[in-house]
Protein chains: 2
Amino acid sequence: MRADAQRNYERILAVAIDTVARDGAEVSLEAIARQAGVGSATLHRHFASRAALLHAVFHDRVAALSAQAVALAAEPDAAAALVTWLRALGAYASSTRGMPVSMLPSAQDNSCHAMLTQAGGTLLGRAQAAGGVRPEVAIQDLLALVTAISLAGERTPKPGSDTDRLLMLALDGIRR
Amino acid sequence: MRADAQRNYERILAVAIDTVARDGAEVSLEAIARQAGVGSATLHRHFASRAALLHAVFHDRVAALSAQAVALAAEPDAAAALVTWLRALGAYASSTRGMPVSMLPSAQDNSCHAMLTQAGGTLLGRAQAAGGVRPEVAIQDLLALVTAISLAGERTPKPGSDTDRLLMLALDGIRR
């Protein structure tokens, strides 16, 4: 990337990070371009879609969650390691506007979803191999649960407050 | 209600049922008033808020779910009866646009939420008394799970398809 293109990219991304944190995933791309002092065409050259922009906004944190999964794969209790990671993901998703939407598999550019599927899939496979988690549980289902709970949290008066409790309930089940 | 007011009420409600099924909870109230051939003031006289209108739209079905809960309370396996009811609620919510939103406790007029809390709370209390469900599980949490899963289903390509599987996973937990 040329120096001026790189500067535009970074300026757009910085504005996007602030704006998404305030307005969520439905943020106006035109408003971001305007505030970054570039035209819509420039924004679209760097970010082909809303999903691509959201992916960039969340990329560093999703990469950190992937790294955390690698570290947790060394823990002796494989099922507990999986639960720890899912709770960390839930805590981030429910405290970060726009993040749950970009975890949906239906996101056009679903790189966030792909990275998280990869990271969580390793932990789940390990927990299943160790016999701690039922074999029919799929990582897509676990991510869907975290996404659903975080997404609903965005619509409640105190987002985040109940997310961890609901996630723990879903992972433990209701039976005595 | 006078006969003409009653006719207006019924016309508005009939239009609202069709429009919410097509457009979901974010439906335009003005469009409903226009299509029903009444002014906005008339609509607001009958339905003081969007939530009140949604409540009316879903009322018959929520009443049917309440009646189903009463019938299920006679089943010998109290935990199974609770699960049957939650799955029936999930099937309805995930196949009915706008319904998950009106199940949120944050809905201004949360009559749907209140009716479902009452109906499900009876089944949960019975299941807990019989020792089948952990005592710390609250009906608000179970409704929040069903709502979250249904709400996320509205944003996936094939809404409804995965809802029941995710709900069963959440009720059973992941442990072997």
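Below, chains carry the letters A, B, ... as their sequence lines are ordered, and counting in each starts from 1. Predicted model, so just to flag it, every value in this text is computed and none were measured.
One hydrophobic cluster, built from ILVMFWY side chains closer than 4.5 Å, holds both I17(B) and L54(B).
Of the listed residues (L124(B), T147(B), V137(B)), the greatest number of heavy-atom pairs within a distance under 4.5 Å of chain A belongs to V137(B). Chain A forms the most heavy-atom pairs under 4.5 Å with one residue out of A79(B), S150(B), G131(B), and that residue is G131(B). The candidate with the highest count of non-hydrogen atom pairs below 4.5 Å against chain A, out of A144(B), A127(B), G132(B), A152(B), is G132(B).
Within the 4.5 angstrom heavy-atom criterion, atoms from both the backbone and the side chain of V133(B) approach chain A.
Side-chain contact check for R134(A) versus D172(B): some heavy-atom pair is nearer than 4.5 Å. The closest side-chain heavy-atom distance from L169(B) to L142(A) is below 4.5 Å. Within the 4.5 Å cutoff, the side chain of L82(A) has heavy atoms near those of the I174(B) side chain.
Atom CD of Q140(B) is separated from atom CG of L166(A) by 11.0 Å, given to the nearest 0.5 angstrom.
Put simply, the side chain of R175(B) never gets that close to the backbone of G173(A): no donor and acceptor are under 3.5 Å apart.
In E30(A), the CD atom is not crowded: 12 or fewer heavy atoms of neighbouring residues, nucleotides or ligands sit closer than 6.0 Å. Environment of CD in E136(A): crowded, with over 12 heavy atoms of neighbouring residues, nucleotides or ligands closer than 6.0 Å. Atom CD of Q118(A) has 12 or fewer heavy atoms from other residues, nucleotides or ligands within 6.0 Å.
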CA sep, side-chain torsions, deciding dist, call: I149(B), L145(A), side-chain contact (heavy atoms from CB on, under 4.5 Å)
CA-CA 7 Å; I149(B) 292 171; L145(A) 275 177; 3.8 Å; yes
